[in-house]
Amino acid sequence: MIAVIFNRQGRTTAYDHRFDRNRVGNLRRHWKIPSFQENPQAAGDLLTIKQAAAALSVAPSTIQMPPLALGISTRLTAGGK
C-alpha cells in the first residue's frame with residue numbers, strides 16, 4: 001500500500017525508479033521502521049479514566065488533561081469508556 005501511495009504522489013527512488021513492495025521493505029529495514037500492528041494491545045492493558053487515576057493516585061480530572069502534557073498515550077474506545 002505504501003508503494004501505491006508513493007507512486008500516486010509521483011515519488012521515485014534516488015535512481016528514479018518507481019516504488020514497489022521490495023523497495024519499500026528495504027527502506028523500512030534500513031531505517032528500522034517497525035511494521036504496522038493491526039491488533040492493538042491486549043484488552044487487559046486498557047484502563048478507564050477512573051482506573052488510571054486510582055493506579056496513579058491522582059484525581060480523574062488530572063488524567064483528562066491534554067495527554068501529551070502528561071506523557072501518556074490515550075485511545076478513545078467504543079462508548080467513550
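This one's a predicted model, so the numbers in the text were calculated from it and none came from an experiment.
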Task: Cluster link Val24 to Ile5, ILVMFWY, side chain under 4.5 Å - done: no
TODO: Please confirm whether the backbone N or O of Thr12 pairs with a side-chain atom of Arg18, one donor and one acceptor, at under 3.5 Å?
DONE: no
TODO: Please report the closest heavy-atom contact between Ala3 and Arg21, naming both atoms and the distance.
DONE: CB-N, 4.3 Å
Task: Leu27 CG to Ile33 CD1 distance, which is reported to the nearest 0.5 Å - done: 7.5 Å
Task: From Val4, Ile2, Thr13, residue fulfilling side-chain contact (heavy atoms from CB on, under 4.5 Å) relative to Phe19 - done: Thr13
Open item on the list: Less than 3.5 Å apart, any donor N or O on the side chain of Arg29 or Asn26 sitting next to an acceptor on the other?
Closed with: yes
Task: Within 6.0 Å of CZ in Arg28, more than 12 heavy atoms from elsewhere - done: yes
